[in-house]
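A short write-up of the structure that comes next.
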Amino acid sequence: MTEELQAAYDTLLAAFGSQHWWPAESADEMIIGALLTQNTNWKNVEKALAGLRRQGSLSLAAIAELETETLAELIRPSGYFRQKAQRLRLLARSVLDAGGLPKLAEKPTPELRRWLLKLKGIGPETADSILLYAFERPVFVIDAYTLRIGSRHDWFAPATDYAAAQTFFTRHLPGDSALYNEFHALLVRVGKEFCRPKKPDCARCPLYSLYREPGPGRSTSRKSDV
DNA sequence: CCCCAGGCGTCCA
DNA sequence: TGGACGCATGGG
């Protein structure tokens, strides 16, 4: 399985090239984008980030000072803008109260992850995205595409939850943040194009040649990975 | 018109 | 513990 995963990574990298994630010019911008992109098209997030940048508010310090209503209007294009304004402001204030990002970076990864997960609006994917892309910790990010692609390829069962899927990847890959960075970005890339929920285009997917129809007993014979 | 997007919190069985 | 639902804009 380790070889199969490596083959998938190599195939994706050959097909799409390096994705250069996260697309942000600062850690602050990365973290802001991570919150805004929850269940939201990245194009919409870019509009919201542009709005913040135009106001000189594309930083956690600036956001912490904005009124929630003002912030909501600035990020409106990213959707769920009332919720996100509240949660983004809370996140910004929490980071500052904790002494800023450099201070937070002193925490070991498990403690930092727990700290992030306590914040309203930060779930496992957002927390792990921040850990990987802002703090460069070797944490594999799971998202809807990853779950879809992973179950499709029988890497794990269809009902596998976030933690179990994450365990699967970390068990079969070396703990390398650069690898996790690129792999997750590539999974999102291939997912967007070929693995949409109701419009999958598996036959043209670069991973198709690696896909094997589950044989008798195979789909439930992954006890070693659970 | 429908589908969907780089989720999360809440509620309820 | 897990499944439904609300949150919302904007592009295809």
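Between A/Lys192 atom NZ and B/dA5 atom P there is a gap of 10 Å when expressed in whole angstrom units. Atom CG of A/Asp143 is separated from atom C1' of B/dC4 by 14 Å (rounded to the nearest Å). Atom CG of A/Asn44 and atom C1' of C/dC7 are 14 Å apart (whole Å). At whole-Å resolution of the value, CG in A/Leu91 and C1' in B/dC8 are 14 Å apart. Following rounding to the nearest Å, A/Trp42 (CH2) and C/dA8 (P) show an atom-to-atom distance of 20 Å. Distance CG (A/Leu35) to P (B/dC8): 9 Å, rounded to an integer number of Å. When the P atom of B/dA5 is taken as reference, atom CZ of A/Arg189 falls 16 Å away, rounded to whole Å. Across the protein-nucleic acid pair, A/Leu116 atom CG and B/dG7 atom P stand 17 Å apart, rounded to whole Å.
Mapped onto DNA chain B by nearest heavy atom, A/Leu117 and A/Ser129 fall at different nucleotides, with A/Ser129 at the one closer to the 5' end. Of the residues near DNA chain B, A/Tyr145 and A/Tyr162, the one whose nearest nucleotide (by heavy atom distance) lies more toward the 5' end is A/Tyr145. For A/Asp161 and A/Arg87, each mapped to the nucleotide of DNA chain C holding its nearest heavy atom, the one lying further toward the 5' end belongs to A/Asp161.
Out of B/dC3, B/dG7, B/dA5, the shortest distance to the side chain of A/Lys198 is found at B/dC3. Which of B/dG7, B/dA5, B/dT10 sits closest to the side chain of A/Lys120 comes down to B/dT10.
For the pair A/Tyr180 (side chain) and A/Glu136 (backbone), a donor-acceptor distance under 3.5 Å is absent. Under a 3.5 Å cut-off, the side chain of A/Glu111 and the backbone N or O of A/Lys107 do not form any donor-acceptor pair. At least one donor-acceptor pair under 3.5 Å links the side chain of A/Gln166 to the backbone N or O of A/Phe140.
Contacts of A/Gln83 with the nucleic acid, taken as non-hydrogen atoms under 4.0 Å apart, include base atoms. A/Leu187 comes within 4.0 angstrom of nothing in the nucleic acid, heavy atoms only.
In summary, the side chains of A/Lys84 and A/Thr40 do present a donor paired with an acceptor at a separation below 3.5 Å, with no hydrogens or angles considered.
The phosphate of C/dG12 (OP1 or OP2) has no side-chain N or O of A/Lys199 nearer than 4.0 angstrom.
Taking every heavy atom of residues 69-82 of chain A and every atom of DNA chain B, pairs under 4.0 Å involve A/Tyr80, by number.
Nucleotides B/dT10 and C/dA8 place their P atoms 15 Å apart, quoted to the nearest Å. Of the P atoms belonging to B/dC3 and C/dC5, the separation is 15 Å, rounded to the nearest Å.
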Report, one line per pair, each donor and acceptor closer than 3.5 Å where one atom sits in a side chain of residues 62-75 of chain A; sequence neighbours left out.
from, atom 1, to, atom 2, distance (Å)
A/Glu73, OE1, A/Arg76, NE, 3.2
A/Glu73, OE2, A/Arg76, NH2, 3.3

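Relative orientation of the A/His184 and A/Tyr133 rings is tilted, given thresholds of 30° and 60° on the angle between their planes.
Looking at A/Glu193 and A/Arg204, no side-chain N of the basic residue comes within less than 4.0 Å of a carboxylate O on the acidic one, giving no salt bridge.
Within a 6.0 Å radius of CD in A/Gln86, no more than 12 heavy atoms belonging to other residues, nucleotides or ligands are found.
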